[in-house]
Number of protein chains: 2
Amino acid sequence: MARAASAKTQTRIQKEKSELILSAALEVFAAYGFRGTTIDQIAAEAGLSKPNLLYYFDSKDAIHEQLLEDLLDTWLDPLRSLDAEGDPVDEITSYVIRKLEMARDFPRESRLFANEILQGAPRIMDQIAGPLKDLVDEKAAIITGWADAGRIAPVDPYHLIFSIWATTQHYADFDIQVAVVLGERADQRFDDAAAYLTNLFTKLLRPSEG
Amino acid sequence: MARAASAKTQTRIQKEKSELILSAALEVFAAYGFRGTTIDQIAAEAGLSKPNLLYYFDSKDAIHEQLLEDLLDTWLDPLRSLDAEGDPVDEITSYVIRKLEMARDFPRESRLFANEILQGAPRIMDQIAGPLKDLVDEKAAIITGWADAGRIAPVDPYHLIFSIWATTQHYADFDIQVAVVLGERADQRFDDAAAYLTNLFTKLLRPSEG
DNA sequence: CTCTTCCTTGACCAAACGGTCAGAAACCGG
DNA sequence: CCGGTTTCTGACCGTTTGGTCAAGGAAGAG
């Protein structure tokens with residue numbers, strides 16, 4: 001039994017090494033998926049021996065599970081803060097920017113999520129069908145309310161949310177492609193993307209005059 | 001040496017089995033990536049024994065390589081047919097629809113591509129940096145030309161293309177998530193997505209009046 | 001300094017993996 | 001229905017993989 005998982009109080013070393021391992025594992029899982037990742041790869045990335053790594057986590061599964069748990073805790077935060085009381089267009093463009101910031105600052109988490117969904121979400125289906133769907137339904141209702149009140153143009157709220165997820169996460173998941181295609185302009189990709197996406201969704205949502 | 005790869009004339013069985021294997025391999029590679037896929041998985045999916053499968057292809061690598069080669073041949077077709085002589089908004093919305101149809105009709109190919117990019121495009125970097133980038137540059141110039149002529153609203157052509165890729169491929173790569181979130185409305189997802197995306201990009205590109 | 005607990009390691013194991021091979025079985029033109 | 005070619009299979013091989021274990025080394029409280 002791994003100490004880190006069962007102990008009520010963690011030693012300094014336990015905390016440090018656990019974080020080191022999780023960070024290394026995130027790097028590798030995000031690129032190669034669960035099956036494509038080996039414990040040796042994670043150990044090498046973390047600079048530890050394999051038995052030493054397994055002293056802190058019971059198994060490859062345990063590490064992966066921990067990562068997914070941590071991920072889902074924060075993954076939906078930007079959507080959660082979409083506020084029915086705010087200005088509709090501002091709320092949605094702010095959501096877009098927060099999501100884009102997450103793609104910039106946590107690309108490995110985005111890729112881990114993408115990998116999991118690509119495989120059919122075998123380990124997080126419950127979270128998708130439960131909390132995620134519930135949250136989307138709740139926020140979709142808010143958007144529909146805004147549209148009904150004429151405060152934004154009529155729009156399918158679900159596909160709006162999908163398009164926000166898709167466009168923002170694209171900059172993390174397909175980063176290599178984006179960087180290569182943009183070439184020397186790649187270093188401005190965040191600011192340019194932010195401006196482009198703000199414009200895109202503002203034009204979509206701005207209610208027609210009259 | 002596998003017969004199928006070297007023979008100049010293929011027998012009926014060679015053609016049938018090769019296609020069977022490629023289809024099965026596409027299914028598995030698309031979900032689990034190269035490292036996460038085993039030859040036994042592919043063989044089971046194809047209903048063949050492992051040695052029998054290896055009679056047609058030299059190695060796991062050879063199958064994967066063949067799939068990527070076939071994929072890149074057709075992957076960029078929709079973008080290639082973007083026509084500088086057509087109506088700008090029609091050309092781009094038609095491109096969006098063609099891409100969305102590909103996501104619907106060839107989701108496994110989309111996921112295979114996604115998996116490859118997630119891993120850093122180790123096997124198709126040449127294609128990305130070469131033909132793909134060249135084509136994007138060419139079409140971006142066309143879009144810029146349209147904008148300069150005032151025929152569409154000014155827009156960053158690269159991020160426009162990224163957002164088209166992202167939004168359309170999302171329906172293939174994240175299909176499980178989309179299906180779960182949409183629930184009973186999921187069977188209309190293609191038509192609804194087509195309407196939503198057409199509206200999204202039309203509003204973005206429609207030149208401001210006056 | 002010392003004893004206990006925590007940390008680390010090399011050696012090891014069984015299962016899974018990619019791939020090979022000799023020969024059996026099916027196919028097919030004559 | 002015969003003979004050569006093509007197709008298929010079980011048994012096998014070396015390597016990699018996930019994971020274990022006994023024992024040695026480092027921390028740290030007293």
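Every value quoted in this text rests on a predicted model; they were computed, and no experiment measured them. By convention in this document, chain letters (A, B, ...) are assigned in the order of the sequence lines, proteins followed by strands, and residues within each chain are numbered from 1.
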Which atom pairs, donor and acceptor, lie under 3.5 Å between side-chain atoms of residues 38-47 of chain A and protein residues at least two apart or in another chain?
unit_1   : atom_1 : unit_2   : atom_2 : d
Thr38(A) : OG1    : Gln41(A) : N      : 3.0
Gln41(A) : OE1    : Thr38(A) : N      : 3.1
Gln41(A) : OE1    : Arg35(B) : NH1    : 3.2

- For Gln66(A), does the CD atom have more than 12 heavy-atom neighbours from other residues, nucleotides or ligands under 6.0 Å away?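 Enclosed: over 12 neighbouring heavy atoms sit under 6.0 Å from CD of Gln66(A).
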Does a side-chain N or O of [X] approach OP1 or OP2 of [N] to a distance below 4.0 Å, or not?
{"X": "Gln14(B)", "N": "dT6(D)", "value": "no"}
{"X": "Lys17(B)", "N": "dC8(D)", "value": "yes"}
{"X": "Asn52(A)", "N": "dT9(C)", "value": "yes"}
{"X": "Tyr55(B)", "N": "dT7(D)", "value": "yes"}
{"X": "Tyr56(B)", "N": "dC8(D)", "value": "yes"}

- Among the candidates dT8(C), dT6(D), dC8(D), find the nucleotide nearest to the side-chain atoms of Thr11(B).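 Of the options given, the side chain of Thr11(B) lies nearest dT6(D).
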Taking only residues two or more places apart in sequence or in another chain, which ones pass salt bridge (Lys or Arg N to Asp or Glu O under 4.0 Å) with [X]?
{"X": "Asp61(B)", "value": "Arg123(B)"}
{"X": "Asp192(A)", "value": "none"}
{"X": "Glu138(B)", "value": "none"}

- Query: Tell me, which of residues 25-45 of chain A have any heavy atom that sits under 4.0 Å from an atom in DNA chain D?
  - Reply: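 Per residue number, the list reads Thr37(A), Thr38(A), Ile39(A).
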- Query: Quick one, which residues of residues 59-68 of chain A touch DNA chain D with a heavy atom under 4.0 Å?
  - Reply: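 Hits under 4.0 Å, by residue number: Ser59(A), Lys60(A).
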Apply side-chain hydrogen bond (donor to acceptor under 3.5 Å, both in side chains) to [X] and list each qualifying residue two or more places apart in sequence or on a separate chain.
{"X": "Trp75(A)", "answer": "none"}
{"X": "Asp175(A)", "answer": "Arg189(A)"}
{"X": "Tyr32(B)", "answer": "none"}
{"X": "Glu27(B)", "answer": "Arg108(B)"}

- Message: One character per nucleotide, please: for nucleotides 20-30 of chain C, 5' to 3', B when the base has a protein heavy atom closer than 4.0 Å, S when only the sugar-phosphate does, - otherwise.
- Response: BB------S--
- Query: Does NZ or CZ of Arg104(A) fall inside the cone over Tyr171(A)'s six-membered ring, less than 6.0 Å from its centre and within 45° of the axis?
  - Reply: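 No cation-pi geometry.
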- Message: Quick check for you: to the nearest 0.5 Å, what is the distance between Arg80(B) atom CZ and Tyr95(B) atom OH?
- Response: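 OH of Tyr95(B) is found 10.5 Å from CZ of Arg80(B).
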- Message: Quick check for you: to the nearest 0.5 Å, what is the distance between Asn115(A) atom CG and Leu118(B) atom CG?
- Response: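 The CG atom of Asn115(A) sits 5.5 Å away from the CG atom of Leu118(B).
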- Task: Take the protein atom NZ of Lys15(B) and the nucleotide atom P of dT7(D), then report the distance between them rounded to whole Å.
- Result: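 It is 13 Å, rounded to the nearest whole Å.
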- Indicate yes or no: at least one non-hydrogen side-chain atom of Tyr56(B) is less than 4.5 angstrom from one of Leu20(B).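 Contact flag for Tyr56(B)/Leu20(B) side chains = no.
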Can you tabulate the close N/O pairs, meaning under 3.5 Å, that link protein atoms to atoms of nucleotides 13-15 of chain C?
none

